[in-house]
2 protein chains.
Amino acid sequence: MAMRIGELARQAGTTTRTLRHYEELGLLPARRTGNGYRTYDDGDLRLLQQIRTLQDFGFGLEETRPFVDCLRAGHPAGDSCPASLDVYRRKLAELDECIADLQRIRAEVGSQLARAELEAAADVPGGPPPLCAFAPPPEHERETGTP
Amino acid sequence: MAMRIGELARQAGTTTRTLRHYEELGLLPARRTGNGYRTYDDGDLRLLQQIRTLQDFGFGLEETRPFVDCLRAGHPAGDSCPASLDVYRRKLAELDECIADLQRIRAEVGSQLARAELEAAADVPGGPPPLCAFAPPPEHERETGTP
DNA sequence: CCTGGACTTGACGTCAGCGTGAAGGTTTAC
DNA sequence: GTAAACCTTCACGCTGACGTCAAGTCCAGG
């Protein structure tokens with residue numbers, strides 16, 4: 001099923017600009033017709049779907065290359081090759097690290113917010129009434145031990 | 001304790017370029033001496049430390065502005081103002097969303113890897129017909145992993 | 001006086017993944 | 001026959017937070 005760039009873009013839910021960009025990177029080269037138009041087939045559509053799927057997982061374009069090469073080499077799936085599996089594994093490690101970082105940060109920001117809200121409640125008596133029965137009075141510094 | 005840009009950069013563990021950048025943004029304006037040199041004091045160091053701390057948490061520079069303004073307004077801490085608390089809360093929501101996304105992606109990539117490893121193990125000994133390896137998700141919505 | 005280090009402004013480069021136009025050629029539909 | 005719709009190649013723009021020159025200024029030590 002030969003098609004031109006616009007048709008492939010539609011079928012893959014992307015844009016012609018994106019396809020030209022992939023070609024610039026050598027990721028998805030196109031054959032040309034006599035008039036210079038790019039022409040693609042169903043195989044290219046599969047390659048492109050592979051790329052887009054991986055991108056949705058947050059893979060960079062360079063990281064999709066082993067999968068694309070694997071498919072082009074005739075393998076049944078983009079992840080049928082060891083190089084692709086390595087990318088999966090590296091990405092998993094990266095994701096785990098990233099998630100751990102974000103969770104640590106979330107905890108820190110959360111505690112900063114909690115502290116700052118407490119201090120605001122303590123410093124501004126006119127606003128929300130103290131939740132704690134022994135909340136500090138506004139003008140005198142008084143330490144209230146948590147009961 | 002008046003100091004010039006190099007000294008402030010050293011004390012904050014950053015670079016002069018960064019400080020000039022902050023000034024361009026109006027985030028950390030500097031006084032000038034007669035010869036045109038930037039001059040800073042300990043208050044500026046505190047502002048800068050506030051910025052760097054928030055940056056370590058993944059806040060964008062614009063998001064640090066309320067904190068800096070708050071400190072400059074004379075408040076005891078950068079997060080003593082409602083605007084800063086709002087930034088905290090928005091960032092928490094953003095972090096939660098991002099963490100959830102990454103966890104979902106981690107699970108998907110993990111299962112893809114497991115499946116691909118199984119298929120590789122199955123394909124080497126014998127030759128059972130491969131399933132359709134990739135069922136691309138219907139929507140193409142993308143976002144960056146870490147801020 | 002001269003050298004070297006710290007300082008100044010200005011402006012372009014980096015990374016990723018395209019978006020957005022300009023200026024023009026080709027094909028298709030009516 | 002002509003206008004719409006498609007295609008082509010440049011080539012700059014965008015986001016963020018700076019890095020990296022380049023060319024010139026200022027000041028202290030020897």
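Worth knowing before you read on, the calculation uses all heavy atoms, side chains too, and leaves out hydrogens, waters and symmetry mates. So you know, we letter chains A, B, ... as the sequences are listed, proteins then strands, and number each from 1.
Nucleotide dC7(D) holds its P atom 10 Å from the CG atom of Leu8(A), rounded to whole Å. Between the P atom of dT15(D) and the CZ atom of Phe59(B) lies a distance of 22 Å, rounded to the nearest Å. Computed from coordinates, the Ile5(A) CD1 to dC18(C) P distance equals 13 Å when rounded to whole Å. Straight-line distance from the CD atom of Glu23(B) to the C1' atom of dT8(C): 11 Å, rounded to whole Å. The distance from atom CZ of Arg65(B) to atom P of dG16(D) is 12 Å, rounded to the nearest whole Å. Spacing between atom NE2 of His21(A) and atom C1' of dG19(C) amounts to 11 Å, rounded to whole angstrom units. Protein atom CG of Leu25(A) is 9 Å distant from nucleotide atom C1' of dG17(C), rounded to whole Å. Summarising the geometry, the separation between CD on Glu7(A) and C1' on dT27(C) is reported as 15 Å, rounded to the nearest angstrom.
Taking only side-chain nitrogens and oxygens, Arg17(B) never comes nearer than 4.0 Å to OP1 or OP2 of dT9(C). Of the side-chain N and O atoms in Thr18(B), none sit less than 4.0 angstrom from OP1 or OP2 of dA17(D). Considering only side-chain N and O atoms, Thr15(B) lies nowhere under 4.0 angstrom from the phosphate OP1 or OP2 of dC18(D). Distances shown here put a side-chain N or O of Tyr22(A) below 4.0 Å from the OP1 or OP2 atom of dC18(C). The side chain of Gln55(B) contributes no N or O atom lying less than 4.0 Å from OP1 or OP2 of dG16(D).
Checking each of Thr15(A), Ile5(A), Leu25(A), Leu28(A) against Arg20(A) for a side-chain contact (heavy atoms from CB on, under 4.5 Å) leaves exactly one that passes, namely Ile5(A).
Tyr88(B) has its ring centre no less than 6.0 Å from the ring centre of Phe57(B).
Which of dC27(D), dT9(C), dC18(C) sits closest to the side chain of Asn35(B) comes down to dC27(D). In the set dA6(C), dG19(C), dT27(C), dT27(C) carries the atom at the smallest distance from any side-chain atom of Tyr37(A). Among the nucleotides dT9(D), dC18(D), dC18(C), the one closest to the side chain of Leu61(B) is dC18(D).
Distance alone, capped at 3.5 Å, is enough to place a donor-acceptor pair between the Glu63(A) side chain and the Gly60(A) backbone.
The cationic group of Lys91(A) lies under 6.0 Å from the six-membered ring centre of Phe59(A) and within 45° of the ring axis, placing it in a cation-pi geometry.
Ion pairing of Glu117(A) with Arg89(B) is present here, as a side-chain N (NZ or NE/NH1/NH2) and a carboxylate O approach within less than 4.0 Å.
Contacts of Arg10(A) with the nucleic acid, taken as non-hydrogen atoms under 4.0 Å apart, are absent. Residue Arg4(B) is classed as a sugar-phosphate contact, given heavy-atom separations below 4.0 Å to backbone atoms only. Contact annotation for Arg38(B): backbone-only contact, meaning every heavy-atom pair under 4.0 Å involves sugar-phosphate atoms and none involves a base.
Comparing Arg20(A) and Arg52(B) against DNA chain D, the residue whose closest nucleotide sits nearer the 5' end is Arg20(A).
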